[in-house]
Protein chains: 2
Amino acid sequence: MVDIARLAGVSVATVSRALTGSPLVTAETRERIEAAVRQTGYAVNPLARGLRRQEARQILVLVPDIGNPFFSEVLLGIEEEAAARGFSMLVGNTAKDPAREDRHAGQMLTGAVDGLILLNGRLPPRLQRDRDFDGWIVAVSEAIPGGRVPVVGIDNAGAAAAVVAHLAGLGHRRIGHVAGPESNILTHQRLDGYRAGLRAAGLKPASWLIRHGDFTIPSGEAAMTSLLSLPAPPTAVFCSNDEMAIGAIRALRASGHEVPRDVAVAGFDDIQFAGTYEPPLTTIRQPRRRMGAEAMALLGRRITGEPGAGGDVTLPFTLVERRSSVG
Amino acid sequence: MVDIARLAGVSVATVSRALTGSPLVTAETRERIEAAVRQTGYAVNPLARGLRRQEARQILVLVPDIGNPFFSEVLLGIEEEAAARGFSMLVGNTAKDPAREDRHAGQMLTGAVDGLILLNGRLPPRLQRDRDFDGWIVAVSEAIPGGRVPVVGIDNAGAAAAVVAHLAGLGHRRIGHVAGPESNILTHQRLDGYRAGLRAAGLKPASWLIRHGDFTIPSGEAAMTSLLSLPAPPTAVFCSNDEMAIGAIRALRASGHEVPRDVAVAGFDDIQFAGTYEPPLTTIRQPRRRMGAEAMALLGRRITGEPGAGGDVTLPFTLVERRSSVG
DNA sequence: TTGTATGCGTTATCAG
DNA sequence: CTGATAACGCATACAA
């Protein structure tokens with residue numbers, strides 16, 4: 001910057017002003033400075049600026065598994081909105097490990113990042129005690145226990161109920177459910193919606209039609225296999241995510257059943273391969289990319305202290321009817 | 001830090017030395033300082049440290065599409081290795097847009113990041129002219145034209161040849177190929193391998209058995225449809241990635257062919273759903289996570305100036321034989 | 001072994 | 001409108 005100043009024949013203070021778009025600079029002076037910048041290829045040092053301004057213009061996203069397509073699509077939305085707002089995106093993989101969560105969360109304390117987006121369903125331990133950062137944390141998809149963190153997501157219970165309504169509308173009366181892990185908030189929201197959907201269709205929720213998986217394909221296979229061993233197996237199954245639905249279909253196929261003729265199957269999320277699978281999967285489409293973008297927008301507003309920052313954001317979902325349920 | 005100094009009754013310089021692990025500190029003094037740190041929850045400001053040391057302890061990964069499972073798994077490997085080495089990972093989505101590439105690449109020039117990992121097959125324009133950063137750039141999977149950047153990946157030609165050998169070994173004599181985009185380096189490497197594999201099996205490469213797609217499912221469908229319209233369609237098809245292989249299978253199914261009975265299909269990459277698809281896909285498994293980790297390790301060594309930094313890294317691939325080819 | 005002083009590159013305050 | 005200068009938080013050369 002001192003070089004630019006010399007080249008343009010002004011002080012560094014003026015260079016700084018010109019570069020930050022201050023109105024206190026003559027058009028002519030500004031032009032000289034910009035010429036010097038172009039000539040030298042100079043670029044402001046973000047570390048120095050950040051140190052001075054006490055901000056980093058970076059945000060951190062904590063993800064349990066970057067490799068999971070659901071999360072990576074959310075990341076895409078976050079990145080685009082972040083870039084549009086002049087923020088860079090740091091990504092930390094936590095693998096649901098509290099120690100890693102804390103290590104990454106340390107970047108909030110040190111000022112390395114200005115905000116935090118959580119995709120992993122909970123606050124890192126050290127942030128649970130420390131409420132100082134509450135205003136700079138946003139969650140996506142999965143609500144954070146404690147209710148301190150605003151969430152950007154869909155109405156999971158409503159979506160689950162919509163799936164059940166669809167299945168019931170097809171004439172099914174024994175509708176099973178492959179739920180997620182017990183501890184997961186989404187599991188409960190979707191389970192509640194499943195029950196509500198049954199009641200709305202005049203059916204009685206029965207706990208023996210419910211199995212818990214862990215959102216993986218093998219767990220969906222195991223859950224379906226278990227359901228099939230029932231004296232009166234379900235004729236339709238709503239799975240809490242698409243991976244488990246694919247697992248369920250595999251189990252059905254392995255035991256000689258045809259989908260949806262013998263058993264209808266529905267998933268949740270509309271991951272990339274849901275529409276390509278054989279049979280294509282009936283599922284709930286979540287606007288993942290938009291969820292990411294909205295979360296970043298909300299966080300950005302909070303960081304820059306814009307007035308209408310707002311709280312929770314609920315986005316619309318879509319029930320996508322495909323061959324796994326409607327043959 | 002000044003607080004810590006006061007608390008421990010030493011100067012900030014000593015605190016700094018203690019925190020950076022300098023040997024010039026009494027065990028006893030160090031203990032007092034560490035106690036003060038624990039008590040206050042103090043953490044070093046990375047911006048200040050970075051400004052002083054002229055480093056950021058951050059690296060940037062440029063990805064064409066974060067949402068693509070292939071890339072996101074590589075990211076996972078990069079993140080883990082980066083974290084292990086004390087680096088944070090910034091991710092920039094380029095969508096193959098040179099303007100975005102340049103915007104992100106600017107972080108190299110400003111010193112916001114210490115290194116760059118390329119997953120998008122080319123150098124950002126502004127870095128093509130400027131060779132100053134050559135030592136701090138590493139590519140994964142896809143070689144960068146110009147040969148200035150070390151690549152971490154597999155022997156793509158060898159892998160393609162292995163697939164063809166497998167297909168030929170099954171008795172196929174008309175083996176088609178659905179290649180990637182013309183401009184892509186991987187396309188050419190795999191195309192070369194395909195031809196080499198044919199010759200090794202005593203078959204003659206024929207250009208009419210080759211179609212180009214763009215690595216998407218629909219493009220694979222279109223390519224296969226086109227191949228099927230041939231007077232003598234191939235009895236086996238090697239696709240340059242799994243998405244196109246899935247597209248090919250869809251096209252075959254749509255036109256009443258059964259896989260692999262009528263036509264055998266093989267893909268490349270072994271993405272998550274390759275093994276779950278119906279039929280499960282014969283493909284080449286790339287060690288994506290490890291590729292990411294090795295790339296970060298290489299970059300880390302270069303940044304810290306370790307002696308045996310090395311150049312290109314070629315990792316082993318695996319031919320995974322599944323039902324799409326061996327029925 | 002520890003303390004003092006300086007500079008890393010910017011921005012903001014205060015004069016002019 | 002512009003310039004001089006202090007301060008952001010830390011690491012290091014130099015003294016002690």
Side-chain angles (χ1 to χ4, degrees), chain A residues 1-37 40-58 86 88 106-114 303-305, chain B residues 1-37 40-58 86 88 106-114 303-305:
Chain A
M1 179 173 261
V2 58
D3 302 322
I4 303 293
R6 196 164 17 236
L7 253 170
V10 295
S11 71
V12 291
T14 301
V15 175
S16 175
R17 277 188 283 257
L19 264 35
T20 53
S22 160
L24 309 169
V25 181
T26 315
E28 188 242 346
T29 311
R30 182 183 305 277
E31 186 40 56
R32 281 214 314 285
I33 292 172
E34 283 169 356
V37 167
T40 59
Y42 165 85
V44 172
N45 180 324
L47 277 69
R49 166 177 286 181
L51 177 60
R52 178 61 229 242
R53 286 197 177 157
Q54 299 292 68
E55 65 169 27
R57 279 276 137 180
Q58 297 189 141
S88 296
Q107 307 205 68
M108 283 293 282
L109 313 174
T110 63
V113 299
D114 301 326
I303 291 173
T304 56
Chain B
M1 180 174 258
V2 59
D3 303 322
I4 302 293
R6 198 165 15 236
L7 253 170
V10 296
S11 72
V12 292
T14 303
V15 174
S16 174
R17 279 188 280 256
L19 265 36
T20 52
S22 160
L24 311 168
V25 182
T26 315
E28 188 242 348
T29 312
R30 183 184 303 276
E31 185 42 55
R32 280 213 316 284
I33 291 172
E34 282 170 356
V37 167
T40 58
Y42 165 84
V44 172
N45 181 324
L47 277 69
R49 166 175 288 181
L51 177 60
R52 178 61 230 248
R53 287 197 178 159
Q54 299 293 68
E55 66 169 24
R57 280 275 137 181
Q58 297 188 144
S88 295
Q107 307 206 68
M108 284 292 282
L109 312 174
T110 63
V113 299
D114 302 325
I303 290 174
T304 57

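First the proteins, then the strands, lettered A, B, ... as listed; each starts at 1. Please read these numbers as outputs of a predicted model, since none were measured by experiment. The figures here come from the full heavy-atom set of this structure, side chains too, leaving out hydrogens, waters and symmetry mates.
Here A:Val2 lies out of heavy-atom contact (under 4.0 Å) with every strand. Among the atoms of the strands shown, none is found under 4.0 Å from any heavy atom of A:Ala5. Among the protein residues, A:Val25 comes within range of the sugar-phosphate backbone only, with heavy atoms under 4.0 Å from sugar or phosphate atoms but none that close to a base. Residue contacts for A:Val44: at a heavy-atom cut-off of 4.0 Å it reaches the sugar-phosphate backbone alone, with no base atom in range.
The structure places CG of A:Asp114 at 10.5 Å from OG1 of A:Thr304, a figure rounded to the nearest 0.5 Å.
If you take CG of A:Leu109 and C1' of D:dG9, they are 16 Å apart, rounded to a whole angstrom. Spacing between atom CG of A:Leu51 and atom C1' of D:dC10 amounts to 8 Å, rounded to whole angstrom units. Separating the CE atom of B:Met1 from the C1' atom of C:dA5 is a distance of 16 Å, rounded to the nearest angstrom. Atom CZ in A:Arg57 sits about 16 Å away from atom C1' in C:dT10, given to the nearest Å. Between the C1' atom of D:dG9 and the CZ atom of A:Arg49 lies a distance of 18 Å, rounded to the nearest Å. One atom, CD1 of B:Ile4, and another, P of C:dG3, lie 15 Å apart when rounded to the nearest Å. If you take OH of A:Tyr42 and P of C:dG9, they are 9 Å apart, rounded to a whole angstrom. Rounded to whole angstrom, the span from the CZ atom of A:Arg53 across to the P atom of C:dA12 amounts to 5 Å.
Between the side chain of B:Arg30 and the backbone N or O of B:Ala18, at least one donor-acceptor pair lies under 3.5 Å. Within the 3.5 Å criterion, the main-chain N or O of B:Ser16 finds a donor-acceptor partner in the side chain of B:Thr20.
The A:Arg17 side chain lies nearest to D:dT2 when the options are D:dT2, D:dC8, C:dT10. Taking only side-chain atoms of B:Ala13, from C-beta outward, the nucleotide of C:dC8, C:dT4, D:dC10 with the closest atom is C:dT4. Considering only side-chain atoms of A:Ser11, the nucleotide from C:dT10, C:dG7, D:dA4 that sits closest is D:dA4. Taking only side-chain atoms of B:Leu24, from C-beta outward, the nucleotide of D:dG9, C:dT1, C:dT10 with the closest atom is C:dT1.
Of the N and O atoms on the side chains of B:Gln58 and A:Gln58, at least one donor lies less than 3.5 Å from an acceptor on the other residue.
Residues B:Glu28 and A:Asn45 each lie close to DNA chain C; by heavy-atom proximity, the contact nearer the 5' end of the strand is made by B:Glu28.
Using a 4.0 Å cut-off, some side-chain N or O of A:Thr26 falls inside it from OP1 or OP2 of D:dT2. Dashed line: the shortest gap from a side-chain N or O of B:Gln54 to OP1 or OP2 of D:dA11 is not under 4.0 Å. Here A:Thr14 does not reach the OP1 or OP2 of D:dT2: none of its side-chain N or O atoms lies under 4.0 Å away. Phosphate contact (OP1/OP2 of D:dG9, side-chain N/O of B:Ser16, threshold under 4.0 Å): absent.
B:Asp3 places none of its side-chain heavy atoms less than 4.5 Å from the side chain of B:Thr40.
Heavy atoms only, all atoms of each residue included: A:Val12 and A:Ala5 are closest at N-CB, 3.7 Å.
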